Amino acid sequence: MNQFTFTGRERMVLLSLIVLGALCLAGTYFVEPATMTVMNHGHEETVSTYHMRFWSNFLQNSVYFLGMAFVAMFGYCAFITAYGGWFSGMKRLWEAYALWMGPALIMMAVLVAGVFFHWHHLYHWNAEGVLDPTDAHYDEIIAGKSAFLNKYWYAASALIFVGIWYFITLRIRSISVAEDSADVGDYSYHGRARNWMAAYLPFVAFTSAIFIWQLMMSIDAHWYSTMYAWNATASFFVGMLSLTVLMLIYLKSRGYYPNVTENHMHDIGKYLFGFSVFWTYTWFSQYMLIWYSNNGEETIYFLTRRDQYPILFYGNLVINFVLPFLILIRNSSKRKFGTIGLVAAITFFGHWFDIFYMIKPGALINIAGSQEAATELGSVAGYWFPGLLELGAFIGFTALFIYFTFSKLSQASLVPEKDPYYGESVTHHVI
Amino acid sequence: MEGHKDVLFGLYDDEDDLIHAIQKAQKDHLDIHDVFTPFPVHGLDEVMGLSESRLHIAGFVYGALGTLTAFLFMSWVFTRDWPIIFGGKPYWSVPAFIPITFELTVLFSCVGMVITYYTVCGMGPGADNPTLHDRITDDKFCLAFNVSDSSKEEIDSLKGFLSGTGATELNIKTI
């Protein structure tokens, strides 16, 4: 079976989950009270929530799935430029993931428009008066960073950089699809795709860091960490690999991909294991260096998260490090579909949870106006832990992503039999 | 000679020839003494019916031992034996212990595995490891039979088997 058919039943299930997700996302817009009372500098103050719960959910999910899309392309390009061939039998799956950048651009456009027209208050650097020395809200630190933290750079990261990634992805995809009708032994398609890939790799390596600083790290505009972009990218990578594992198990259960075997799963499992450890390395290094140097402006970030959000802080480490590490450390557990599927389900949720941890506490601080005021608020629904509406929105976005992946899979042959490395993928043998 | 054995071996140029020869030998119920290759050949373990190595279990145990040693030792030193305040941190500063704990985990795990491997395989300093042929460590694949108690006819038939399956060089060596 070289042609994927998107069945009506799958469409129905996914569409109903998408509707559920849309309802949950809309729910976060309406259930959150329009104002909150906070204690700021010793006096009570009523602040607008700017529908922050809705916007932070939207940001979290759109960034997580866009991150998986660009990192799928990154892995694909990195393997091919390194003469890897083991994955080429299932490369259509990663192409389909990468094409998600198209719909993601629309979401990015919504976020950028929100910054320009002040629909949301995700980023304090975008607030009125923070750059004006005569204003009561003047913020010297943000003013010092305003050459980078401004709406134009934000638009450049979210639209131009992502647009260029998407453009290169489209080029590679069309070459890859055209290769299907090539003559046997014609490797010119592969060579042309490779040139685009060599361009994509360094470009995305630098610009993804800028993208992550702008979209995610600048929520806490006073704080910065050079590890942050690595940590977030590792998160995306593990999330993408987990989804690949789950998707392959599903596609194989439907009878597709007979040539993707436990040997391929073993290799994906090694990447899943390795990048879970890499994620932990960046997560811990980021924490330990700041903890050790003990600069007030840096430690406040972790102090808040450790003391106010202990479930997010330690739970993150358990589900994204301890569980995958201990389960996947054995060779055979990477080869058993049940075990690796379980780990993939854990880490797919786990890295969404990690992005939640990166975004939500800072979003609450931006509503409250200061770290102290946010601490006074305590556990606020939708911020201290993913609520049912957040989970619903996550399910909806996942269903939308899978719907998109399936429709892209059905638009081209499922197995690229003319790929020069296809034979290597079929005979791939790990042990 | 006591403890010594006569080994008939054939050298192959290609690992595929070797694997096919092993499969044929098993079909003919020949008793293979051992197989030597210059590099790990994929699928060889499976063909020879070798069980999975348990070295990694030993590695995990050594690693866990290293984790405990490092962590408990540091905890004891910095809380009981010689408590010192570094940079205003508490005595028992877990994040500061993590890098050393990690290092000792790796150290114990790999040194322990090397020692275990050498012990189990009877290798290491002072061990007597006769090689059948120098090029086995370079580019030849070797299939060996123990012919200490074999008659001349049996040896001849084994020689026929080896050359029939593509061995380019035959030899008998006493080790």
Side-chain angles (χ1 to χ4, degrees), chain A residues 85-86 227 261-264 266-267 269-270 273-274 276-296 298-299 301-303 305-307 310 313-314 316-317 321-322 325-336 423-431, chain B residues 14-16 18-20 23 37 39-68 70-71 74 78 84-106 108-110 112-113:
Chain A
W86 61 275
M227 283 279 186
T261 62
E262 71 268 22
N263 289 300
H264 300 84
H266 191 165
D267 269 2
K270 281 187 270 188
F273 178 81
S276 288
V277 175
F278 175 74
W279 173 88
T280 315
Y281 163 70
T282 54
W283 184 91
F284 175 71
S285 303
Q286 181 171 269
Y287 176 79
M288 193 195 68
L289 292 177
I290 287 175
W291 170 83
Y292 219 110
S293 65
N294 206 9
N295 284 334
E298 291 172 347
T299 46
Y301 178 88
F302 281 118
L303 191 70
R305 276 153 188 78
R306 199 189 62 190
D307 294 348
F313 187 80
Y314 294 109
N316 213 351
L317 199 60
F321 172 63
V322 178
F325 182 80
L326 290 180
I327 301 175
L328 284 186
I329 196 166
R330 237 191 106 82
N331 239 4
S332 55
S333 58
K334 301 184 198 82
R335 301 174 72 84
K336 286 180 198 141
E424 191 172 312
S425 174
V426 171
T427 56
H428 184 59
H429 216 277
V430 181
I431 292 185
Chain B
D14 190 88
E15 69 258 41
D16 281 341
L18 175 76
I19 288 191
H20 292 143
Q23 282 165 339
T37 60
F39 54 81
V41 174
H42 276 295
L44 190 59
D45 293 21
E46 214 175 300
V47 170
M48 291 179 69
L50 298 177
S51 57
E52 192 189 339
S53 162
R54 282 168 296 166
L55 189 62
H56 57 261
I57 299 174
F60 183 81
V61 173
Y62 293 132
L65 208 63
T67 310
L68 287 177
F71 197 79
M74 278 184 288
F78 289 113
I84 299 177
I85 292 178
F86 289 103
K89 300 292 189 293
Y91 292 132
W92 197 57
S93 289
V94 176
F97 297 168
I98 299 292
I100 295 167
T101 307
F102 168 76
E103 301 292 353
L104 252 72
T105 306
V106 174
F108 273 53
S109 175
C110 58
M113 281 207 286

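Here the structure is a predicted model, which is why all the values come from computation and not from measurement. Just so we're on the same page: letters track the sequence lines, and every chain starts at 1.
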### Task
Give a yes or no on whether A:Y281 atom OH has more than 12 heavy-atom contacts from other residues, nucleotides or ligands under 6.0 Å away.
no
### Query
What heavy-atom pair brings B:A96 and A:M288 nearest, and what distance separates the two atoms?
CA-SD, 4.5 Å
### Query
So, for A:F284 and B:P95, which heavy atoms are closest and what is the spacing to 0.1 Å?
CZ-O, 3.3 Å
### Query
Any chance CD of B:E46 has more than 12 other-residue heavy atoms, nucleotides or ligands included, within less than 6.0 Å?
no
### Task
State the OG1-CZ distance between A:T280 and B:F102, to the nearest 0.5 angstrom.
11.0 Å
### Query
Should the heavy atoms of other residues, nucleotides or ligands under 6.0 Å from CZ of B:F71 be counted, would the total exceed 12?
yes
## Note on the structure
Heavy-atom nearest pair, A:V430 first then B:H42, reads O-CE1, 3.2 Å
### Task
Please round to the nearest 0.5 Å and tell me the distance separating atom CD1 of B:I98 and atom OH of A:Y287.
10.5 Å
### Task
Under 4.5 Å heavy-atom distance to chain A, tell me which part of B:I57 shows up: side chain, backbone, both or neither.
side chain
### Query
Listed by chain and number, what are the salt bridge (Lys or Arg N to Asp or Glu O under 4.0 Å) partners of B:D16, not counting sequence neighbours?
none
### Task
Sorted by first residue and then second, give each side-chain hydrogen bond (donor to acceptor under 3.5 Å, both in side chains) pair with at least one member in residues 85-103 of chain B; sequence neighbours left out.
B:S75-B:W92
